[in-house]
Amino acid sequence: MTQAAIRTDVPEQMITMTGVGKWYGAFQALHNVDITVNRGEKIVLCGPSGSGKSTLIRCINHLEAYQEGQIHVGGMLLGHQAKTIDAVRREVGMVFQQFNLFPHLTVLQNCMLAPVKALGLSKAEAEERARQLLERVKISEQAEKYPAQLSGGQQQRVAIARALCMRPQVMLFDEPTSALDPEMVKEVLDTMIALAEEGMTMICVTHEMGFARQVADRVIFMASGAIVEEAPPAEFFSNPQHERTRKFLGEILGRH
Amino acid sequence: MGRDEFLFLLIGLKWTVALSIVAFICGSIAGLAVALARTCGIAIIERVTAGYIAVFQGTPLLMQLFVVYYGLALIGIKMDAWAAVSVGLTLHASAYLGEIWRGSIEAVPRGQTEAAKALALRYVSRMKEVVLPQAIRISLPATIGFLVQLIKGTSLASIVGFTELTRAGNIISNQIFQPITVFGVVGILYFLMCCPLTIYGAHLERKFATEVR
Amino acid sequence: MNYTLDFTPVIDGLPDLLTACLGTFTLAICGMLLATVIGIGGVVLRQSPIKALRWLVIGFVEIIRNTPFLVQIFFIYFALPLAGIRLDPTPTAIIALGINGGAYAIEIIRGGVQSISKGQMEAGLALGLHKAQVFRLIILKPALRAIYPSLTSQFVLLTLSTSIASAISAYELTSVSQRIESDSFRSFEVYFTVTAFYLVISWVMMRIFAFFSARYFAYPVK
């Protein structure tokens, strides 16, 4: 079976992780992680800092290598071949905590760079696509500005548009609102909710439990590099099974 | 190279050290004045000081030594090479240290000056008690870095004719025709003076950098 | 005491001095190019997995930074013939300038590479760009911008230190002015004028560097 054949298959299971383990030297960051994410599903990953949730989603686009188990993305086995890694990264968009916009490029150029260089789109096509998506995150009037001239919330919305310009199958969000001032959190969450409503497959590492309640199909709680509990939000919040989950929820909801 | 030749180098080394110390101390005093003038808030004084700094930073130290050496003779001040070179290096150091310390004074947060003003402190106590202690700390790595530059810069006194370490090396080299050995040893002596300072400066820089975080 | 300034020898020597400025520019520009090459090569070696190579670079940088350029230029001047390389003073001076500037360039470029946050690299990779594309399209410009101020002020210092090449009689402004001085004994007048020349040279260089900075690195940062 060729890769193209798998791709046209449009697998129901977008991401499967089976028995994934990861080490930093002697330290084991992920223990035997099993997750399946179906097309259109929205997953919220939460857990205390150092629980491995960021490491986990960074394995999905191979920003981190894993040493044990298997990860399939869109039917492709994510191994160590550069070709598959590139193919996976073209299908998987990522939004970072620190935005990571490119400071020397304008908002529009940030959005056009990868479609032109990694997908081979013409500049005109890429620009059209970029303007469309900037419109969608409600920031089209800032297209000619540089990242440093925008607020944190605006930068993060540009980062979302930049990832969407690749027309990804899946979006990964790594604590997208943690570096934002409180008044800017909402504009970013609203953008994410709109994206979820359009049917995007999403995995979000976040502590925004309101967002989880509203959007998530499942909430996954991690601690010490392993999955502790996995449940639909209604169940997860009303009836957590594990002591560590209860303690975590107590701390995080108590603050609000 | 024999014992006598080495001793001759050590005498040169002694003058290099003396020259460095004198230029650094006198240069620091003058440099403080330059830094304060450069940040005094009176536009004309600030511009003149900026010009003074720009001239010293925009011309070779060797030329500065020549101009001071012959310039002093010209206005009737008879000086031997030692004194003339000391004056030259002092002026040079005052400009560079003045610029380093200007940066440090400006790096002290505005709120410190405002708080001191609100507490009714006058300029002298504001600077002496509040701003300068913080500025000096900020400036330490760069100041030590400049001290290393200054020690190396004293070697140019040899071209003006003052017998410090480099000129002592020249003299010995011409006597025994072993330039590689002689300048190798001279280099090692400079290295032994400068390297500990460089390491200390880098250590302070790392220490301050981690404290800020 | 009643000395009258007499600039006649300076005015007579003006054509020679102006031509000598070209010598100074030659030394400076060739020195900068060599320093850049040594700087980039040194940084590459400094990141090498082989420990001995890394220490070689560290040792080189520290030796050069902690000894006077004058001693270095004498050493190279006498050492090159021993190594079987016979060069005129001017190329010798260029090598010395390149080696000296190169040691500083290594430290500056290394700092620039380190200043780029890991997040920039990751964001590029996550967008499906290759490592080489990430370096060329994303890392390079901000890294150049980060090192540009230190590197160019180091280049101005390098230009000023070309005057020290007069110690081995390389052809440049200071050695020519020394000749005019010893012919005329108008020491102050000659050196005062030449100092002004240097001021103009370094000012022009700074303007050129600032021009390129404004042209290529004029994007805002926080």
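No hydrogens, no waters, no symmetry mates; every other heavy atom, side chains included, goes into these values.
With no hydrogens or angles considered, no side-chain donor-acceptor pair links Y198(C) and T159(C) at under 3.5 Å. A donor atom on one side chain and an acceptor atom on the other are not found under 3.5 Å apart for S175(C) and Q178(C). Side chains of Q64(B) and T195(C): a donor-acceptor N/O pair is absent below 3.5 angstrom, by distance only. In this model, a donor atom of one side chain and an acceptor atom of the other lie less than 3.5 Å apart for Q112(B) and Q134(B). Using a 3.5 Å distance cut-off with no hydrogens or angles, the side chains of T8(C) and D6(C) do pair a donor with an acceptor. Side chains of Y52(B) and S94(B): a donor on one and an acceptor on the other come within 3.5 Å.
In this view, Y96(B) satisfies the side chain to side chain donor-acceptor pair (under 3.5 Å) rule with no residue, not counting sequence neighbours.
Heavy atoms closer than 4.5 Å to chain B are found nowhere in S161(C), neither backbone nor side chain. S158(B) touches chain C through its side chain: at least one heavy atom from C-beta onward sits under 4.5 Å away, while N, CA, C and O do not. For V55(B), the parts lying near chain C are the backbone and the side chain together; criterion is any non-hydrogen pair under 4.5 Å. Looking at Q149(B), the atoms closer than 4.5 Å to chain C (heavy atoms on both sides) all sit in the side chain, from C-beta outward. Contact annotation for T162(C): neither backbone nor side-chain heavy atoms come within less than 4.5 Å of a heavy atom of chain B. Only the side chain of T166(B) comes within contact range of chain C, judged by heavy atoms closer than 4.5 Å. Contact of E181(C) with chain B is made through the side chain alone, with heavy-atom distances under 4.5 Å. Heavy atoms of I180(B) lying under 4.5 Å from chain C belong to its backbone as well as its side chain. With a threshold of 4.5 angstrom between heavy atoms, L82(C) approaches chain B through side-chain atoms but not through N, CA, C or O. A54(B) touches chain C through its backbone: at least one of N, CA, C or O sits under 4.5 Å from a heavy atom, while the side chain does not.
Comparing G169(B), G187(B), S173(B) by heavy-atom pairs within less than 4.5 Å of chain C, the highest count is held by G187(B). In terms of heavy-atom pairs under 4.5 angstrom with chain B, the leader among L160(C), V71(C), L157(C) is L160(C). The candidate from V186(B), I188(B), L192(B), N170(B) with the greatest count of non-hydrogen atom pairs under 4.5 Å with chain C is N170(B). Of the residues considered (A73(B), G71(B), C194(B), P60(B)), P60(B) shows the highest number of contacts with chain C, using heavy-atom pairs under 4.5 Å.
The aromatic rings of F209(C) and F155(C) sit tilted relative to each other, their planes meeting at an angle between 30° and 60°.
From Y190(B), atom OH reaches atom CG of N66(C) across 13.0 Å, with rounding to the nearest 0.5 Å. Here the CD atom belonging to E5(B) is positioned 7.0 Å from the CD atom belonging to Q175(B), to the nearest 0.5 angstrom. In this structure, the separation between CG on L27(C) and CD on E172(C) is 6.0 Å, given to the nearest 0.5 Å.
Interface residues of residues 31-48 of chain B toward chain C, defined by a heavy-atom distance below 4.5 Å: none.
With respect to R65(C) and E62(C), a salt bridge is recorded, a charged nitrogen being found less than 4.0 Å from a carboxylate O.
Taking the centre and axis of the six-membered ring of F208(B), the NZ or CZ atom of R137(B) falls inside the cone set by 45° and 6.0 Å.
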